[in-house]
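This report concerns only the one structure given below.
Remember, predicted model here, so these are calculated numbers, not experimental data.
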Amino acid sequence: MRAVIQRVSHASVDIDDRTTGAIDQGVMALIGVAPADTHAHADKMLNKLLKLRLFSDEAGKMNLNVQQVEGGLLLVPQFTLMANTAKGLRPGFDGAATPAHGEAMFDYLVTQARQAWSRVATGEFGADMHVSLLNDGPVTFIVET
């Protein structure tokens, strides 16, 4: 499982002119699923998303996680994160899970996230989404499990 995570001042996902998920301060995570990913991978990813210290403490050091700042977590499915771009000019998607497996893993991640934290919003698997965000910092990381 791979994620591009960004510390945001706010972020939202719109589908067909309706907002399906929105957060204020928090973490926006684009989530890619590989064919071999399991619930254990998703659990590890969720732990990183909730516990990674991305927010500044009183001394200006990145020592606080999203829960400590009472921020939101916006999860957005993004199969193109698994693309292979090493050769040629057309991305290859052999590294991405099948749609059925990708959706099942994303749904599992969302379910676990909502059990662990009350401030979770999402995009929609397979939808044509418009994602808006104000990156805070900018602070952006790639996380893999």
Exercise for the section: Would you check if the side chain of Arg119 reaches a backbone N or O of Ile23 as a donor-acceptor pair within less than 3.5 Å? Expected result: no
Exercise for the section: Apply side chain to side chain contact (heavy atoms under 4.5 Å, CB included) to Val33 and Leu109, showing your working. Expected result: CA-CA 11 Å; Val33 179; Leu109 179 66; over 6 Å; no
Fill in the blank from the handout: Rounded to the nearest 0.5 angstrom, the NE2-OG1 distance for His41 and Thr145 is 5.5 Å
Handout entry: Distance (rounded to the nearest 0.5 Å) between Leu73 CG and Leu49 CG
Key = 5.5 Å
Exercise for the section: Provide the full list of ring-ring contact (aromatic ring centres under 6.0 Å, His included) pairs with a residue in residues 61-102, sequence neighbours left out, each pair given once. Expected result: Phe79-Phe93
Exercise for the section: Let me see the working for Val131 and Met28 under side chain to side chain contact (heavy atoms under 4.5 Å, CB included), right down to the final yes or no. Expected result: CA-CA 10 Å; Val131 180; Met28 201 264 319; 4.1 Å; yes
Handout entry: Beyond-backbone contact of Phe55 with Gln68, side-chain heavy atoms, under 4.5 angstrom
Key = no
Exercise for the section: With sequence neighbours excluded, tell me which residues meet salt bridge (charged side-chain N to carboxylate O under 4.0 Å, His left out) with Asp14. Expected result: none
Exercise for the section: Measure the shortest side-chain to side-chain distance between Pro77 and Met129 over non-hydrogen atoms and say whether it is less than 4.5 angstrom. Expected result: yes
Exercise for the section: Please confirm whether the backbone N or O of Thr111 pairs with a side-chain atom of Asp107, one donor and one acceptor, at under 3.5 Å? Expected result: no
Practice task
Please indicate whether Glu58 has more than 12 foreign heavy atoms, meaning atoms of other residues, nucleotides or ligands, lying under 6.0 Å from its CD.
Solution key: no
Completion exercise
Between the CG atom in Asn84 and the CG atom in Asp94, the distance rounded to the nearest 0.5 Å is 8.0 Å
Handout entry: Path from Leu74 to Val66 over hydrophobic side-chain contacts below 4.5 Å
Key = no
Exercise for the section: Side-chain contact test, heavy atoms from C-beta onward, threshold under 4.5 Å: evaluate it for Leu54 versus Ile5 and give yes or no. Expected result: yes
Handout entry: Non-hydrogen side-chain atoms of Pro91 and Thr85 separated by less than 4.5 Å
Key = yes
Practice task
Would you kindly confirm whether Val139 and Val27 end up in one hydrophobic cluster when ILVMFWY residues are joined by side chain heavy atoms under 4.5 Å apart?
Solution key: yes
Handout entry: Euclidean distance, Thr19 OG1 relative to Asp17 CG, rounded to 0.5 Å
Key = 9.0 Å
Problem - Thr122 vs Thr20, side chain to side chain contact (heavy atoms under 4.5 Å, CB included): CA-CA, chis, key distance, verdict - result: CA-CA 7 Å; Thr122 70; Thr20 62; 5.9 Å; no
Practice task
Mind checking salt bridge (charged side-chain N to carboxylate O under 4.0 Å, His left out) for Arg90 and listing every partner two or more places apart, or none if nothing turns up?
Solution key: none
Handout entry: Residues forming a side-chain contact (heavy atoms from CB on, under 4.5 Å) with Lys61, sequence neighbours excluded
Key = Asp57, Ala59, Asn63
Exercise for the section: Rounded to the nearest 0.5 Å, what's the gap from CG on Leu64 to NZ on Lys51? Could you check? Expected result: 12.5 Å
Practice task
Tell me whether Phe125 is reachable from Val13 by hopping between hydrophobic residues (I, L, V, M, F, W, Y) whose side-chain heavy atoms are closer than 4.5 Å.
Solution key: no
Handout entry: Sidechain-backbone polar pair: Asp37 side chain, Met1 backbone, donor-acceptor under 3.5 Å
Key = yes
Fill in the blank from the handout: side-chain contact (heavy atoms from CB on, under 4.5 Å) filter on Asp43, not counting sequence neighbours, yields Tyr108, Gln112
Exercise for the section: Drop me the distance from Gln6's CD to Leu133's CG, to the nearest 0.5 angstrom. Expected result: 5.0 Å
Exercise for the section: Go through Met105 and His39 one step at a time and tell me if the side chain to side chain contact (heavy atoms under 4.5 Å, CB included) criterion holds. Expected result: CA-CA 7 Å; Met105 291 301 301; His39 288 178; 4.0 Å; yes
Handout entry: Residues which pass side-chain contact (heavy atoms from CB on, under 4.5 Å) with Ile142, listed by chain and number, not counting sequence neighbours
Key = Arg2, Val4, Glu144
